[in-house]
A.B. asks: 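Dropping the structure in here first, questions after.
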Amino acid sequence: MSEPAPWLDKAEMRAWLALIGMVMSVPPAIDAQLKRDSGVNFFEYSILAQLADAPDRALQMSRLSTLSGGSLSRLSHAASRLECAGLLRRRALVGEPRSTELVLTDRGLAALEAAAPDHVREARRLVFDVLTREQVIQLHGIALALTRAASPETAEAIAHLIAERHLSDD
C-alpha cells in the first residue's frame with residue numbers, strides 16, 4: 001500500500017484551482033471561436049497549421065498525432081473529415097509499409113490562411129493581452145514543465161519544433 005499523498009497547501013490549492021479554471025475555459029473558448037468563424041475545431045486547425053509549417057506541407061501521421069495532441073485514432077477521424085472537405089489528402093510513404101502521411105492541399109492552406117487572423121485575435125484576447133511580457137516568458141516555462149510531466153514525448157516534440165522554427169531566445 002502506498003503512502004498517502006500530502007494535501008496541497010493554500011498556495012498550491014490556489015494555483016491548482018486557477019489551472020483547472022484555465023483548462024476548463026480557455027480551450028473551449030478557442031474551439032468555439034474557430035467553429036463559429038471557420039467551421040473547424042481547434043484540433044483540426046492544429047492539424048492544418050502543423051501541415052502548413054512542415055516541409056512540402058506533409059507530415060507522417062504518427063508525428064502529427066504527437067504535435068497536435070491527439071491519438072492516431074482521433075487524428076484519423078479528423079483527417080477523414082478534412083479530407084472530405086478537400087483540405088488535406090493522405091499519401092502512403094514509399095518504402096515504409098503501413099505508414100501514411102497527411103498532405104495539406106492548396107484549398108486547405110487557403111482555409112487555414114482565412115481562419116488564422118481571427119484565431120490569432122482570439123488567442124491574443126484570451127491569453128497574451130492579459131499577460132505582461134514577463135508572464136508570457138513564465139507561461140512558456142510553466143507550460144513546458146507541466147507538459148513534460150504529463151507527456152514527455154509531446155514536450156520533446158514541442159522543444160524540437162521551437163528549435164526547428166528558430167523560436168528560442170538563445
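When reading the values below, keep in mind they use all heavy atoms of this one structure, side chains included, and skip hydrogens, waters and symmetry mates. Just so it is clear, the structure is predicted and the values come from calculations on it, not from any experiment.
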A.B. asks: Considering all heavy atoms of both residues, which atom of R91 and which atom of A58 are nearest to each other, and what is their separation?
C.D. replies: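 Here R91 and A58 meet closest at NH2-CB, 3.6 Å.
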
A.B. asks: Between A49 and L112, which heavy-atom pair has the shortest distance, and what is it?
C.D. replies: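 Closest pair (atom of A49, atom of L112, distance): CA-CD2, 3.7 Å.
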
A.B. asks: Is L167 linked to L161 within one hydrophobic cluster, defined over Ile, Leu, Val, Met, Phe, Trp and Tyr using a side-chain heavy-atom separation of less than 4.5 Å?
C.D. replies: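 No: no chain of side-chain contacts under 4.5 Å links L167 to L161.
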
A.B. asks: Can you name the closest pair of heavy atoms from A114 and P117 and give their distance?
C.D. replies: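 Minimum heavy-atom contact is O-CD, 3.6 Å.
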
A.B. asks: Taking only residues at least two apart or on different chains, which pairs with a member in residues 137-148 satisfy side-chain hydrogen bond (donor to acceptor under 3.5 Å, both in side chains)?
C.D. replies: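 Non-adjacent pairs meeting side-chain hydrogen bond (donor to acceptor under 3.5 Å, both in side chains): E134-Q138.
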
A.B. asks: Around atom CG of D129, are there more than 12 heavy atoms from other residues, nucleotides or ligands closer than 6.0 Å?
C.D. replies: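 Yes, because the 6.0 Å sphere around CG of D129 holds more than 12 heavy atoms from other groups.
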
A.B. asks: Is N41 reaching over with its side chain to a backbone N or O of D31, donor-acceptor style, under 3.5 angstrom?
C.D. replies: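 Not at all, since once roles are kept as given, no pair shorter than 3.5 Å links the two residues.
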
A.B. asks: Please report the closest heavy-atom contact between T132 and Q135, naming both atoms and the distance.
C.D. replies: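 For T132 versus Q135, the nearest heavy atoms are N-OE1, 2.8 Å.
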
A.B. asks: For D106, is there an ion pair with R57 - N to carboxylate O distance below 4.0 angstrom?
C.D. replies: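 So R57 pairs with D106 through a salt bridge.
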
A.B. asks: Give me the atom names and distance for the closest heavy-atom approach of I162 to S168.
C.D. replies: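 For I162 versus S168, the nearest heavy atoms are CG2-N, 3.8 Å.
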
A.B. asks: Under 3.5 Å, side chain of Q50 to main-chain N/O of I47, donor-acceptor pair present?
C.D. replies: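 Pair absent, no side-chain N/O of Q50 close to backbone of I47.
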
A.B. asks: Would you mind checking if E83 and R90 are paired as a salt bridge, meaning a charged N to carboxylate O distance below 4.0 Å?
C.D. replies: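 Salt bridge: yes.
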
A.B. asks: Pairing donors with acceptors under 3.5 angstrom, does anything connect the side chains of Q60 and T100?
C.D. replies: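 No pair is found: no donor N or O on one side chain lies under 3.5 Å from an acceptor on the other.
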
A.B. asks: If you round to the nearest 0.5 Å, how far is CE of M13 from CD1 of I20?
C.D. replies: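 Spacing of CD1 (I20) from CE (M13) equals 10.0 Å.
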
A.B. asks: Taking ring-ring contact (aromatic ring centres under 6.0 Å, His included) as the definition, give me every residue that meets it alongside F43, ordered by chain and number, with sequence neighbours left out.
C.D. replies: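 Partners of F43 under the ring-ring contact (aromatic ring centres under 6.0 Å, His included) test: none.
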
A.B. asks: Output the distance between atom CD (E113) and atom CG (L48), rounded to the nearest 0.5 Å.
C.D. replies: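 Taking CD in E113 and CG in L48, the distance rounds to 11.0 Å.
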
A.B. asks: Should H77 and L72 count as side-chain neighbours, where that means a heavy-atom distance under 4.5 Å?
C.D. replies: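 H77 vs L72: side chains apart.
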
A.B. asks: When you measure from the side chain of T105 to the backbone of L87, do you find a donor-acceptor pair of N or O atoms at a distance under 3.5 Å?
C.D. replies: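 Between the backbone of L87 and the side chain of T105 there is a qualifying donor-acceptor contact (under 3.5 Å).
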
A.B. asks: With a 4.5 Å cut-off on side-chain heavy-atom distances among I, L, V, M, F, W and Y, is there a chain of contacts connecting V26 to L146?
C.D. replies: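 Hydrophobic grouping puts V26 with L146.
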
A.B. asks: Could you measure the distance from the CZ atom of R133 to the CG atom of L131? Nearest 0.5 Å is fine.
C.D. replies: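 Here the interatomic distance stands at 10.5 Å.
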
A.B. asks: Does CZ in R81 sit with more than 12 non-hydrogen atoms of other residues, nucleotides or ligands closer than 6.0 Å?
C.D. replies: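 Check passes, neighbour count above 12.
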
A.B. asks: For R165, is the CZ atom crowded, meaning more than 12 foreign heavy atoms sit under 6.0 Å from it?
C.D. replies: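 Buried by this count: over 12 neighbours within 6.0 Å.
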
A.B. asks: Following the transitive rule for hydrophobic clusters with a side-chain heavy-atom cut-off under 4.5 Å over Ile, Leu, Val, Met, Phe, Trp and Tyr, establish whether I137 and L139 coincide in one cluster.
C.D. replies: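 The answer is no; the residues belong to distinct hydrophobic clusters.
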
A.B. asks: Would you say Q33 and H119 make side-chain contact, with heavy atoms under 4.5 Å?
C.D. replies: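 Side-chain contact under 4.5 Å: yes.
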
A.B. asks: Using the rule that two of Ile, Leu, Val, Met, Phe, Trp, Tyr join whenever any of their side-chain heavy atoms come within less than 4.5 Å, decide whether L88 and L93 are in one cluster.
C.D. replies: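 L88 does not cluster with L93.
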
A.B. asks: Identify the residue among L102, L67, L104 that makes a side-chain contact (heavy atoms from CB on, under 4.5 Å) with L59.
C.D. replies: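 Of the listed options, the one satisfying the test is L67.
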
A.B. asks: So, S68 versus R63: side-chain donor-acceptor pair below 3.5 Å or not?
C.D. replies: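 No, no side-chain donor-acceptor pair sits under 3.5 Å.
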
A.B. asks: Determine yes or no for a side-chain-to-main-chain donor-acceptor pair under 3.5 angstrom, with S38 supplying the side chain and K35 the backbone.
C.D. replies: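 Judged by distance alone, no pair lies under 3.5 Å.
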
A.B. asks: Counting N and O atoms only, with roles assigned by atom type, does the side chain of S25 sit under 3.5 Å from a partner on the main chain of G21, one being a donor and the other an acceptor?
C.D. replies: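 Answer holds: yes.
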
A.B. asks: Nearest heavy-atom pair of A29 and L126: which atoms, and what distance?
C.D. replies: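 Distance-wise, the nearest heavy atoms are CB-CD1, 3.7 Å.
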
A.B. asks: Would you say I158 and L64 are hydrophobically clustered, going by side-chain heavy atoms of ILVMFWY under 4.5 Å?
C.D. replies: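 As far as the 4.5 Å side-chain criterion goes, L64 and I158 are not connected within one cluster.
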
A.B. asks: Taking the side chain as C-beta and beyond, is there a heavy-atom pair between V103 and L51 under 4.5 Å?
C.D. replies: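 The answer is no; the side chains never approach within 4.5 Å.
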
A.B. asks: Roughly how far apart are R89 CZ and L82 CG, rounded to 0.5 Å?
C.D. replies: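 So the gap between those two atoms works out to 14.5 Å.
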
